[in-house]
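Beneath this line is the structure, given in structure tokens, with notes to follow.
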Number of protein chains: 2
Amino acid sequence: MERFEEYLQAKGKRITQPRRILVEHVFSKHEHFDADALIEELAQRDAGPKRVSRPTVYRTLNELVEAGLLRKMDIGGRAVYEHDYGYPDHDHLYCTQCGKLSEFHSEELIRLRDAVGREQGFRVTGHKFIVNGTCQECQRKTRRQKRKVDLI
Amino acid sequence: MERFEEYLQAKGKRITQPRRILVEHVFSKHEHFDADALIEELAQRDAGPKRVSRPTVYRTLNELVEAGLLRKMDIGGRAVYEHDYGYPDHDHLYCTQCGKLSEFHSEELIRLRDAVGREQGFRVTGHKFIVNGTCQECQRKTRRQKRKVDLI
DNA sequence: TTGTGTGCAAACACTTTGCACCCGT
DNA sequence: ACGGGTGCAAAGTGTTTGCACACAA
């Protein structure tokens, strides 16, 4: 929050109640989320007059990304956000059954990435690496499912 | 094309003129493209009665993906397609200045990916790796730009 | 002839924008 | 009081869908 206030002041922007509510909520948890989830959570948390509107959620999320506090990813054509500030670089495992994202970090990946860039005369500024597959939990479910089918 | 006919027949689907036109066009070039580009190209190529409509383009692209002939990627929230059939696995360098995609292949990346999956009990089925940065051409442009500015 | 495919227009999901009013500074 | 911020509704994108007609099998 202090970090965001700093950013806002530097940009001559204002510290308003909707921004405060949103930022506080976003940084009270550490999960990945999308705009819709956030809008809904804010809606049931603060109904009535102090609710934060849909456009303001989108506007503030963009500001948080610009401020370097959130990282925005596109997963299946929809924007997903995660904490960026004070959070180590990492990549993602995406379970295509349940949609869960988990994280991992690999220095080797960075080395590989930079080596590829160098070879191609490409100035690397970042990357996106998503490993698709099935998480442990869904593998278990699928196995149970299969057993049932096998009994028929 | 033969491959697609095979797929269509297997699914009890029909080989129609729009599908033929689209497939022929898509596989006459080897670049990355999005739905809009394809729609426009088809429009100026075959105007009038034998033009392919927007919905049909989207429907057929989805079929081609299902048939394993095209690969679909999301880049910045928009779908981009590339040939898949008989095309080696590869990943992408994405120039954030001009939007150009180039390709590279790395066995090491696959090994790394599978190792990460194994460590986390994740059954890996695929991945998406996009390296962002500036391509050689845009680096040159930027340098020219900078020189001009320096002279002021 | 049968039922899939097509074009059209409209619906869709997600995100952004125009505008009158509100509120931090 | 000023100028940016907000909510509302409406406009944008990119993509999908309902429907009546067209056409491949």
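Every chain is numbered from 1, with letters handed out A, B, ... down the list of sequences. Note: hydrogens, waters and symmetry copies are ignored here, and every other heavy atom, side chains too, is used. These numbers were taken from a predicted model, which means no experiment stands behind them.
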Please pick, from [options], the nucleotide with the shortest atom-to-atom distance to any side-chain atom of [X].
X: B:K13; options: C:dG5, C:dT6, C:dC14; result: C:dG5
X: A:I15; options: C:dT25, C:dT16, D:dT15; result: C:dT25
X: B:P18; options: D:dC8, C:dT6, C:dT15; result: C:dT6

| Looking for any heavy atom pair under 4.0 Å, which part of the strands does B:D36 touch: base, sugar-phosphate only, or nothing? |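 Touches sugar-phosphate only.
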| task | Have a look at A:D74 and say if it touches a base, only the backbone sugar-phosphate, or nothing, with a 4.0 Å heavy-atom cut-off. | result |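 Nothing: the residue A:D74, judged by heavy atoms under 4.0 Å, touches no strand.
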| If you take all heavy atoms of A:C95 and A:C135, which pair is closest and at what distance? |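 Heavy-atom minimum between the residues: SG-N, 3.4 Å.
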| field | Electrostatic pair B:R113:B:D91 at N-O distance under 4.0 angstrom | value |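 Looking at B:R113 and B:D91, the cut-off is not met.
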| message | Over 60° means perpendicular and under 30° means parallel, so tell me whether B:H83 and B:H30 are parallel, tilted or perpendicular. | response | tilted
| query | What orientation do B:H90 and B:H92 show, parallel under 30°, tilted 30 to 60°, or perpendicular over 60°? | reply | perpendicular
| field | Donor/acceptor link under 3.5 angstrom from A:R59 side chain onto base of D:dG7 | value |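 Such a pair is found, so the answer is yes.
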| request: May I ask you to evaluate whether B:R51 reaches the phosphate of C:dC8, defined as a side-chain N or O under 4.0 Å from OP1 or OP2? | output: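 Looking at the OP1 and OP2 atoms of C:dC8, one of them is under 4.0 Å from a side-chain N or O of B:R51.
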| So, is A:R19 close to the D:dG5 phosphate, meaning a side-chain N or O under 4.0 Å from OP1 or OP2? | yes
| B:Q17 or B:R14: which one's nearest nucleotide on DNA chain C is closer to the 5' end? |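 Checking each residue's closest nucleotide, the 5'-ward one belongs to B:R14.
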| Contact nearer the 5' end of DNA chain D, comparing B:Q9 with B:A35 | B:A35
